[in-house]
Structure formats: C-alpha cells, structure tokens
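Notes follow the structure.
Sequence positions, counted from 1, serve as the residue numbers for this chain.
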Amino acid sequence: MGRTVVSIVQAFHQEQESWRKFRRALTRDDRDAFDRLFEHARRHAAEASYVARPTPFEAVVMAVLLEQEKALAEIRSRLDKLEAGRLDRLVPSGVEGLEAGRLERLEATRERKPDENPRLAL
C-alpha cells in the first residue's frame, strides 16, 4: 500500500517547483539566493516533519527565517567584536557582503604589524 501523506521533503520540492516561473524571471544572482532559501528549508526538513501544518509553505518560511536569524546573530556578534575595539580602524565600505572567511582574513590583516606585512619587507 502506498503513502497517503506526502513526505515533507516531497512537499518542499513541490513548493519549490511551484515557484519555478518566478525563479526563471530572476537575475542569476537572485536565482542563486532563491535556491539558497530552499536549501535552508531542506536543512530543517526533519524538524518540519513534526509539524502538522495544512500548508507546507509555512514550514518552508519558518525554516528560512530560522536560518536567517542565525546568520543575523552571527553578524551581530562580529559587529560587537568590531565595536569593542577588535579592529583599530573601520572596515572599508562594501564589506557587508563578505562571507565569514574573508572577513576573518580581513581582520587578521588589520591586526598585523607593519613589519609583518610581506609587501613592506625589502
């Protein structure tokens, strides 16, 4: 006998498929961001399976919001460290889109003494 209820992973896939035309109209960068949203949702599929919601999209949205809240908390933590004097000068504008690894390398570069900078060594 087959399943009578669609699994949450299948429901997430169907939901993503229902947004196919919208996705197609987006720019390449926006499509990548859009795809990441559904990756966030699939990351929490197991948790979503415990929720009996009539509309699977509610679980998709909650999973996406959860991941974005975690990312925002990480950004706030990094900002607190910066404001606490971790860097001796302001980070140049345009770094708000840096991923974590690049920001850490930037911080390490800022903390390096002038005689440790390979470009200054003769």
Give a yes or no on whether [X] and [Y] share a hydrophobic cluster (residues Ile, Leu, Val, Met, Phe, Trp, Tyr; joining criterion: side-chain heavy atoms under 4.5 Å apart).
| X | Y | answer |
| --- | --- | --- |
| V9 | Y50 | no |
| L66 | I75 | no |
| V61 | V51 | no |

- Tell me, do Q68 and V64 make a side-chain contact under 4.5 Å, heavy atoms counted?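 Touching, per the 4.5 Å side-chain cut-off.
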Between atom [atom1] of [X] and atom [atom2] of [Y], what is the distance when rounded to the nearest 0.5 Å?
| X | Y | atom1 | atom2 | value |
| --- | --- | --- | --- | --- |
| H44 | M62 | NE2 | CE | 11.5 Å |
| F57 | S18 | CZ | OG | 8.0 Å |
| F38 | E15 | CZ | CD | 6.0 Å |
| D32 | L26 | CG | CG | 10.0 Å |
| L37 | Q16 | CG | CD | 9.5 Å |

Does this structure show an ion pair linking [X] with [Y], if we count only N-O contacts that are shorter than 4.0 Å?
| X | Y | result |
| --- | --- | --- |
| D35 | R23 | yes |
| R76 | E69 | yes |
| E39 | R43 | no |

- Would you sort out whether K70 and E67 count as a side-chain contact (heavy atoms from CB on, under 4.5 Å), showing the intermediate values? CA-CA 5 Å; K70 288 171 24 183; E67 285 299 315; 2.9 Å; yes
- Task: Locate the shortest heavy-atom distance separating A63 from A41; write the atom from each residue and the value.
- Result: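 That would be CB-CA, 3.6 Å.
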- Message: Please find the pair of heavy atoms, one from A48 and one from F12, that lie closest to each other, and give the distance.
- Response: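 Taking A48 first and F12 second, the nearest heavy atoms are CB-CZ, 3.8 Å.
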- Look at the side chain of T55 and the backbone N and O of E58, then say whether any donor-acceptor pair between them is shorter than 3.5 Å.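 Looks like no, no N/O pair under 3.5 Å.
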